[in-house]
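Every chain is numbered from 1, with letters handed out A, B, ... down the list of sequences.
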Amino acid sequence: MPDPQILQLDDDFTLVKRFVDGHESAFNQLVSRHKDMVRSIIYVTVNHSDYIDDIAQDVFVKIYKNLKHFRYESQFSTWVYRITINKCKDHLRKMKIRRVFLPISDTFEQADKSYNHSETSNTKEVVRNAISKLPEKLKIPLLLKDIEGFSYQEIADSVQCEIGTVKSRIFRAREKLKTILEPYKSEIFK
Amino acid sequence: MKKNINNNYELLSAYLDGEVSSEQIKEIENKLSESSLLRDKLAELKRLKEITNSSYSPPPESHYFETVLNQKINEERKFRRRLKSFMPAYGLFALAIIVILLLKIEPIVFDNSIHNRDARYAGTYNNNLKPLLFAANLSNEDIFNFAFYKMLPLDNKNKQYLQLGTDKEGKEYFEIKKDPLQIQKNNLEKFTLALGLNEEQKLEVDSIIKVYADELQEQILVNDKNTLAVSQNLFDYNRALAAELLTFAAKANKSSFRKIMPAGLTIVENKSTPIVIREIKSKSSSPTHNFVFFNNDSIFTKPYTVDKEKIKNEIKFYNANRNSQVNEFINYEVNVNLDSNLAKIKKYKYFNDSLFVLFDSNSFNIKVHVLPKVDIDFPNMDSIFIELDKARENFNEFSFHFQKNLPKIKGNIKFKYSDSLHNYLYDIEKIKVDSILENTFKQLDSLKIKNNFNFQFNNDSLDILIKKLPELYKNNEWFDNKNEVKKLKKEIEELKKEMKEMKKKLNEKPQKIKT
């Protein structure tokens with residue numbers, strides 16, 4: 001009877017090492033492990049399903065190119081999320097610039113219309129629109145916490161700031177969100 | 001107060017997220033039990049968290065995500081491979097850019113490297129340099145010709161000589177040539193005769209020349225490694241000597257000076273001229289100055305300190321043993337091997353910041369542009385130099401004569417210079433008599449600009465025109481048979497008469513001429 005295979009605690013590192021040693025298949029395993037989280041972060045951050053795969057693929061191409069330089073100083077996932085957040089920021093910046101050069105009618109970026117327009121979905125759309133109006137530095141920590149369930153430490157590592165700053169930003173994001181949603185107070189806070 | 005509330009709320013938000021310590025939990029829960037405001041706030045934050053969380057559904061599935069990603073990665077791999085194959089080209093390109101930038105920012109880097117190489121040569125070649133000019137036994141006549149014709153013989157037999165010049169851009173150069181210019185002889189004697197100098201004044205001219213002759217001996221040096229070193233100070237000496245002789249001539253005999261300089265010369269009256277001469281002399285007599293070194297395979301410039309005492313001893317020794325042929329440089333001849341690598345590489349041209357060497361012909365002709373470095377701000381230097389050059393042009397005009405035995409060629413006349421590869425063709429047929437006369441009168445008119453002049457007409461040149469030209473060109477059909485020639489003869493005869501009358505009138509009593 002063969003010995004039971006012992007699973008290593010930090011399997012990401014093993015996969016990275018295998019990739020560096022020339023096993024290309026290890027990269028595919030890393031992709032399948034982190035793909036969903038990466039796509040989810042992109043989805044909530046850019047608030048548009050059309051861009052998810054393009055950005056996510058850019059993220060993994062970048063990881064593929066730089067994996068040999070990974071220094072094992074942080075968790076692999078943190079490194080991946082940091083790259084993802086930076087790619088999202090790049091995308092949002094590009095969209096901002098593009099909006100400057102487009103006619104007004106085209107600049108209004110509508111919220112994702114893949115949702116049903118029922119009453120409930122309307123409330124969700126209102127909330128998503130309100131979140132999209134938050135400044136980037138408040139919005140990203142809030143989403144990473146409330147949607148992705150990251151700890152403050154993980155958020156701090158991903159956006160490269162102090163835990164205290166994360167705490168403060170999340171609180172400020174909630175306060176600002178409350179202000180934006182003030183007109184819908186009776187429906188949302190019932 | 002407000003800040004405190006905010007801090008409490010922030011802590012409440014962290015409490016909601018489960019990001020506070022157990023001590024903080026106790027503290028917060030105590031406060032919550034006491035304050036309805038805090039409880040309301042917590043409820044509000046909780047609701048906000050809930051609605052945020054529930055507003056987003058999971059992202060839509062992507063069935064081909066890995067497939068598309070693999071395609072992208074494969075493309076990336078191919079691109080990287082292609083990029084690697086071009087690495088050497090990128091390297092060369094980057095190197096070229098660096099060199100261009102370097103030359104743009106520090107253009108002297110390249111020159112310096114050449115200069116350093118040349119300096120290494122210098123160490124080998126500038127040993128044991130001895131004065132060359134004493135070997136040429138320079139006469140006062142030679143020094144005088146140096147002043148006004150800018151040429152210096154380099155050997156006893158006048159096989160080689162050094163010629164100073166200025167090119168069209170105004171850059172000074174010197175050449176080493178084999179055959180001397182066709183200049184008239186006994187120029188110094190003619191100079192003293194024309195000025196009507198007495199014995200004492202002649203001695204004074206000789207003493208001026210003597211001072212320069214001594215200094216000049218330190219300006220051209222040679223050694224046993226066939227190195228010739230020519231000082232760039234020669235140009236300054238040349239100017240100073242010419243200026244000093246002309247100033248002296250003007251003072252010695254003002255009216256006769258007009259014979260030499262019919263149009264007059266302002267520098268002889270300029271108060272700054274003696275200062276310029278003095279400055280040039282003091283600057284040039286310093287032991288260290290720039291020399292241009294020539295030898296078989298290299299040409300370079302370098303500051304060199306002349307051992308004045310040693311050179312004086314050399315000259316003394318030479319003069320004491322003049323007839324014993326002890327001096328090894330008596331028969332010195334400058335030789336630059338045109339087949340050497342230098343000439344091959346540079347294709348007869350070699351230049352850097354201070355030199356432009358042109359190998360003009362097989363018979364040896366080096367032209368060296370020298371950029372004079374004037375350290376002292378001389379008063380009115382430029383105006384004096386310009387006028388000196390004009391004065392020297394006058395000298396040439398008054399000494400001009402037709403060379404004998406001109407080649408007899410129909411149509412064009414071909415001048416061949418013995419020291420050049422090039423022949424110079426002059427299309428004689430295109431020269432019209434009218435233009436010759438017009439040009440002559442223009443020159444005469446220009447002399448009238450100066451009032452109170454005493455004009456001395458040189459008969460010889462017109463005589464040559466009248467007598468020698470038909471003889472010289474008797475075999476050229478175009479000359480004798482054309483009406484133009486007859487017209488020329490007639491016009492020249494008339495001109496000659498007019499000139500004689502004018503001369504007679506002017507010599508009687510100097511007077512102002514209204515122009």
Side-chain angles (χ1 to χ4, degrees), chain A residues 24 27-28 31-32 35-36 39-44 47 49 52-54 56-62 64-65 112 114-115 120-121 123-131 142-143 145-149 151-153 155 163-164 166-168 170-175 177-178 181 184 188-190, chain B residues 2-21 24-25 28 38-84:
Chain A
E24 291 271 328
F27 182 73
N28 292 337
V31 172
S32 60
K35 177 186 76 173
D36 291 342
R39 291 182 80 247
S40 178
I41 293 171
I42 296 166
Y43 178 55
V44 296
N47 194 25
S49 60
I52 302 172
D53 284 353
D54 284 345
Q57 274 149 8
D58 279 356
V59 169
F60 284 110
V61 169
K62 187 165 184 179
Y64 178 84
K65 284 201 283 193
D112 201 334
S114 57
Y115 293 90
T120 333
S121 69
T123 314
K124 286 179 178 179
E125 203 176 312
V126 167
V127 175
R128 281 203 309 275
N129 276 339
I131 292 171
L142 179 78
L143 291 171
K145 180 72 215 169
D146 288 352
I147 313 288
E148 307 301 343
S151 69
Y152 279 10
Q153 183 61 57
I155 297 170
I163 288 190
V166 173
K167 187 168 80 172
S168 158
I170 289 174
F171 170 68
R172 278 161 57 207
R174 284 171 179 155
E175 286 295 290
L177 188 62
K178 188 188 85 179
L181 291 172
Y184 310 95
I188 294 169
F189 295 98
K190 58 191 171 185
Chain B
K2 196 180 176 185
K3 201 178 174 186
N4 258 345
I5 292 171
N6 262 342
N7 282 343
N8 280 337
Y9 287 173
E10 196 177 299
L11 203 62
L12 215 54
S13 167
Y15 168 77
L16 185 68
D17 291 332
E19 296 278 350
V20 287
S21 64
Q24 282 174 321
I25 292 173
I28 292 164
L38 278 180
R39 283 196 299 275
D40 289 347
K41 187 68 191 174
L42 181 66
E44 182 189 276
L45 288 170
K46 204 173 180 179
R47 179 67 189 143
L48 277 167
K49 189 176 166 78
E50 278 167 9
I51 57 165
T52 307
N53 183 266
S54 61
S55 299
Y56 290 87
S57 318
E61 283 286 314
S62 174
H63 302 290
Y64 305 106
F65 183 81
E66 272 95 346
T67 317
V68 178
L69 178 65
N70 281 335
Q71 260 179 3
K72 281 194 174 178
I73 286 174
N74 281 337
E75 280 168 21
E76 175 65 27
R77 267 195 225 128
K78 276 182 196 167
F79 177 71
R80 280 179 153 193
R81 244 177 267 142
R82 218 177 303 151
L83 205 68
K84 271 186 185 172

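There is no contact between A/Ile42 and chain B, counting heavy-atom distances below 4.5 Å. Using a 4.5 Å cut-off between heavy atoms, B/Leu12 makes no contact with chain A at all. For A/Leu143, the part lying under 4.5 angstrom from a heavy atom of chain B is the side chain only. Residue contact with chain B, scored on non-hydrogen atoms closer than 4.5 Å, involves the side chain of A/Lys35 exclusively. Contact of A/Tyr64 with chain B is made through the side chain alone, with heavy-atom distances under 4.5 Å. Contacts of B/Glu50 with chain A are absent, with no heavy-atom separation under 4.5 Å from either backbone or side chain. Looking at A/Glu148, there are no atoms closer than 4.5 Å to chain B (heavy atoms on both sides), in backbone or side chain. Interface remark: B/Lys46 contributes no atoms to any contact with chain A (heavy atom separation under 4.5 Å). Contact annotation for A/Ile131: only side-chain heavy atoms (C-beta onward) come within less than 4.5 Å of a heavy atom of chain B. Proximity to chain B involves both the backbone and the side chain of A/Ala56, based on heavy atoms less than 4.5 angstrom apart.
For A/Tyr152 against B/Ala14, the heavy-atom pair with the smallest separation is OH-CA, 3.6 Å.
Summarising the geometry, atom NZ belonging to B/Lys49 is positioned 8.5 Å from atom CG belonging to A/Leu142; distances are rounded to the nearest 0.5 Å. Here CD of A/Gln57 is found 9.5 Å from CD of B/Glu66. Values are rounded to the nearest 0.5 Å. Atom CD1 of residue B/Ile51 and atom OG1 of residue A/Thr123 lie 9.5 Å apart, to the nearest 0.5 angstrom.
At distances below 3.5 Å, not a single donor-acceptor pair connects side-chain atoms of A/Arg174 with backbone N or O atoms of B/Leu48. The closest donor-acceptor contact from the side chain of A/Asp146 to the backbone of B/Asn53 lies at 3.5 Å or more, if one exists at all. Of the possible donor and acceptor atoms, none in the side chain of B/Glu10 sits under 3.5 Å from a partner among the backbone N and O of A/Phe171.
Proximity of A/Asn28 to B/Asn70: side-chain heavy atoms (C-beta onward) are separated by under 4.5 Å at one or more points. Side-chain contact between A/Ile52 and B/Pro60 is present, with at least one heavy-atom pair separated by less than 4.5 Å. Taking 4.5 Å as the limit, some side-chain heavy atom of B/Phe65 sits within range of a side-chain heavy atom of A/Val31. At least one side-chain heavy atom of B/Ser13 sits less than 4.5 Å from a side-chain heavy atom of A/Ile170. Side-chain atoms of B/Arg77 and A/Lys65, non-hydrogen and from C-beta on, never get closer than 4.5 Å to each other.
Heavy atoms of other residues, nucleotides or ligands lying less than 6.0 angstrom from NZ of A/Lys62 number 12 at most.
For chain A, the option among B/Leu16, B/Leu11, B/Val68, B/Leu45 with the highest count of heavy-atom pairs below 4.5 Å is B/Val68. Heavy-atom pairs under 4.5 Å with chain B were tallied for A/Leu181, A/Ile163, A/Val61; the largest tally goes to A/Val61.
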Using the salt bridge (Lys or Arg N to Asp or Glu O under 4.0 Å) rule, take A/Arg39 and B/Glu61 through it: C-alpha gap first, then chi angles, then the decisive distance, then the call.
CA-CA 10 Å; A/Arg39 291 182 80 247; B/Glu61 283 286 314; 5.8 Å; no

Working note: B/Ile73 + A/Phe27, criterion side-chain contact (heavy atoms from CB on, under 4.5 Å); need CA distance, chi angles, decisive distance, verdict.
CA-CA 11 Å; B/Ile73 286 174; A/Phe27 182 73; 3.2 Å; yes

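Here B/Glu19 does not pair with A/Lys167 in a salt bridge; the nearest charged N to carboxylate O distance is not below 4.0 Å.
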